[in-house]
Undergrad: 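Got a structure here, written out as structure tokens. Questions coming.
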Amino acid sequence: MAFENILTEQKGRILYITINRESKLNALNKATLKELNIAITAAFNEPSVGGIIISGAGQKAFVAGADISEFAALDVSAGTKLAKEGQANVFDLIENGAKPVIAAVNGFALGGGLELAMACHIRVASDNAKMGLPEVTLGLIPGYGGTQRLTRLVGKGKALEMIMTADMITAAQAYEFRLVNYVVSQEELLPKAEELLNKMLLRAPLALASAINAVNAGAKPGVNGFGVEIAEFGKCFATEDLKEGVSAFLAKRKPDFKGK
Ligand code: COA
């Protein structure tokens, strides 16, 4: 399918999604969110895709936020709908996906851009990256899960500081606060994301899905994460991949996982 606001390219088992609105610093308008929903849903359903790397077009920005020009016309009901549908169709979709998704954060990751990066399972940042949740400068708060995901990643005190001051932090600070997994040079950004994803793609795909589900369960209110872990652990024993992994280990050879 042809997209207007994103680029998609599959190389091997990796699907690269690039937010492609460089003149607007890749700001997420409604059309871009819709295309992300379509591309990510298709990738999760496509057996030849093992994982996704998301980045922003150009050197300046990953994503500089939700598209502010679309906010002027909203009322309470439309604002609520925007956040609710955005969370479900893109941000929760990524976080709860059964395949690893890595954000390669090049430049500004602000507002909805940082929320997009935080919905991904892993974040790699280039050393010029700048991150923040500046919504209160607009009279808003984060609406795509930022208040929850930032708090889980960096703790309540630092999250409230970042949200209420609206200050941007550097890549080095983001690493120090555990907001990103790695900081590398701009040239090393995609290679580092690829190195991580390629390693995951050597592992048993259904076990990766179970790991994502079990880790996510701990952050869901009313869900017993330990119980989910037990159920997911048990489910692994129904997979051909577990038989393959165990026999490969015992035979001292590399496993050949099929995701079955
Ligand atoms: N929504 C809509 N348009 C945006 C945008 C956003 N979140 N962020 C940047 N843009 C647009 C600018 O309006 C400008 O468009 P124009 O050339 O048609 O005027 C273009 O992208 C380039 O941005 P500009 O502000 O000129 O770049 P800069 O280098 O001076 O500043 C930022 C970069 C990121 C500091 C600045 O663009 C900014 O503060 N953006 C908004 C960040 C934000 O509040 N995000 C949270 C939204 S909830």
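Numbering of ligands and ligand atoms starts at 1, following listing order.
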Undergrad: Look at atom 12 (C) of ligand 1 and say whether a protein heavy atom is found at less than 4.0 angstrom from it.
TA: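 Within 4.0 Å of atom 12 (C) of ligand 1, no protein heavy atoms are found.
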Undergrad: Do me a favour and list the nearest non-hydrogen protein atom to atom 34 (C) of ligand 1 with residue, atom name and distance?
TA: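 Checking every protein heavy atom, the shortest distance to atom 34 (C) of ligand 1 gives Leu110 CD1, 3.6 Å.
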Undergrad: Which protein non-hydrogen atom lies closest to atom 31 (O) of ligand 1, naming both residue and atom, and how far is it?
TA: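 Heavy-atom neighbour on the protein nearest atom 31 (O) of ligand 1: Leu25 CD1, 4.6 Å.
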Undergrad: I'd like to know if Glu4 and Lys34 make a salt bridge, using a cut-off of under 4.0 Å between side-chain N and carboxylate O.
TA: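 Here Glu4 does not pair with Lys34 in a salt bridge, since their nearest N and O are not under 4.0 Å apart.
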Undergrad: Please check: side-chain N/O of Glu115 versus main-chain N/O of Tyr144, any donor-acceptor pairing under 3.5 Å?
TA: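 Side chain of Glu115 to backbone of Tyr144, a donor-acceptor pair under 3.5 Å: yes, one is there.
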Undergrad: Minimum distance, heavy atoms only, to atom 42 (C) of ligand 1: which one of Ala64, Ala66, Gly132, Gly107 is it?
TA: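 The option holding the nearest heavy atom is Ala64.
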Undergrad: For Asp67, counting its heavy atoms only, list the atoms of ligand 1 lying under 4.0 Å from any of them.
TA: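 Every atom of ligand 1 under 4.0 Å from some heavy atom of Asp67: 1 (N), 2 (C).
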Undergrad: Have a look at ligand 1 and work out which part of Glu135, if any, has a heavy atom under 4.0 Å from it: side chain, backbone, both or neither.
TA: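 For Glu135, the contact with ligand 1 is made by the side chain alone.
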Undergrad: What residue and heavy atom of the protein are closest to atom 1 (N) of ligand 1, and at what distance?
TA: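 Going atom by atom, the protein heavy atom closest to atom 1 (N) of ligand 1 ends up being Ile68 N, 2.9 Å.
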Undergrad: Under 4.0 Å from atom 28 (P) of ligand 1, can you find at least one protein heavy atom?
TA: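 When distances to the protein are checked, atom 28 (P) of ligand 1 has a heavy atom within 4.0 Å.
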Undergrad: Hey, are the side chains of Arg21 and Asn29 touching, using non-hydrogen atoms and a 4.5 Å cut-off?
TA: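 Contact flag for Arg21/Asn29 side chains = yes.
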Undergrad: If we count only non-hydrogen protein atoms and require a distance under 4.0 Å, does atom 7 (N) of ligand 1 qualify as touching the protein?
TA: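 Yes.
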Undergrad: Consider ligand 1: state whether an atom of it lies below 4.0 angstrom from any non-hydrogen atom of Lys60.
TA: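 In this structure, Lys60 qualifies as a contact of ligand 1 - some heavy atom is under 4.0 Å.
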Undergrad: How many angstroms lie between atom OG1 of Thr239 and atom NZ of Lys260, to the nearest 0.5 angstrom?
TA: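 That separation rounds to 12.5 Å.
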Undergrad: Note the single closest protein heavy atom to atom 18 (O) of ligand 1, along with its residue, its atom name and the distance in Å.
TA: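 Answer for atom 18 (O) of ligand 1: Lys24 NZ, 2.5 Å.
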Undergrad: Is any heavy atom of the protein nearer than 4.0 Å to atom 38 (C) of ligand 1?
TA: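 Neighbour list for atom 38 (C) of ligand 1 is empty of protein heavy atoms (cut-off 4.0 Å).
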Undergrad: Salt bridge (Lys or Arg N to Asp or Glu O under 4.0 Å) between Lys243 and Glu240: does it pass, once the steps are laid out?
TA: CA-CA 5 Å; Lys243 292 183 184 66; Glu240 288 174 26; over 6 Å; no
Undergrad: Run the side chain to side chain contact (heavy atoms under 4.5 Å, CB included) check on Asn5 and Leu33 step by step: do they pass?
TA: CA-CA 9 Å; Asn5 301 286; Leu33 289 171; over 6 Å; no
Undergrad: Charged N to carboxylate O under 4.0 angstrom, Lys11 versus Glu194?
TA: no
Undergrad: Hey, are Asp256 and Lys254 close enough for a salt bridge, meaning a charged N less than 4.0 Å from a carboxylate O?
TA: no
Undergrad: Determine whether the side chain, the backbone, both or neither of Ala61 has a heavy atom under 4.0 Å from any heavy atom of ligand 1.
TA: neither
Undergrad: If you round to the nearest 0.5 Å, how far is CG of Leu196 from CZ of Arg123?
TA: 12.0 Å
Undergrad: For the backbone of Gly259 and the side chain of Asp241, can you confirm whether one donor and one acceptor N or O come within less than 3.5 Å of each other?
TA: yes
Undergrad: Considering Pro134, Ala27, Ala166, which one's heavy-atom position lies nearest to atom 43 (C) of ligand 1?
TA: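 Considering heavy atoms of Pro134, Ala27, Ala166, the nearest to atom 43 (C) of ligand 1 sits in Pro134.
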Undergrad: Distance to 0.1 Å, residue and atom name: give those for the protein heavy atom nearest to atom 17 (O) of ligand 1.
TA: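 Result: Ser23 O, 4.3 Å.
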Undergrad: Atom 15 (O) of ligand 1: protein heavy atom closer than 4.0 Å?
TA: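 For atom 15 (O) of ligand 1 the answer is yes, since some protein heavy atom falls inside 4.0 Å.
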Undergrad: Under the 4.0 Å line, does any protein heavy atom show up next to atom 23 (O) of ligand 1?
TA: yes
Undergrad: What I want to find out is whether Lys84 reaches Asp92 closely enough, with some N-O distance under 4.0 Å, to be called a salt bridge.
TA: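 No.
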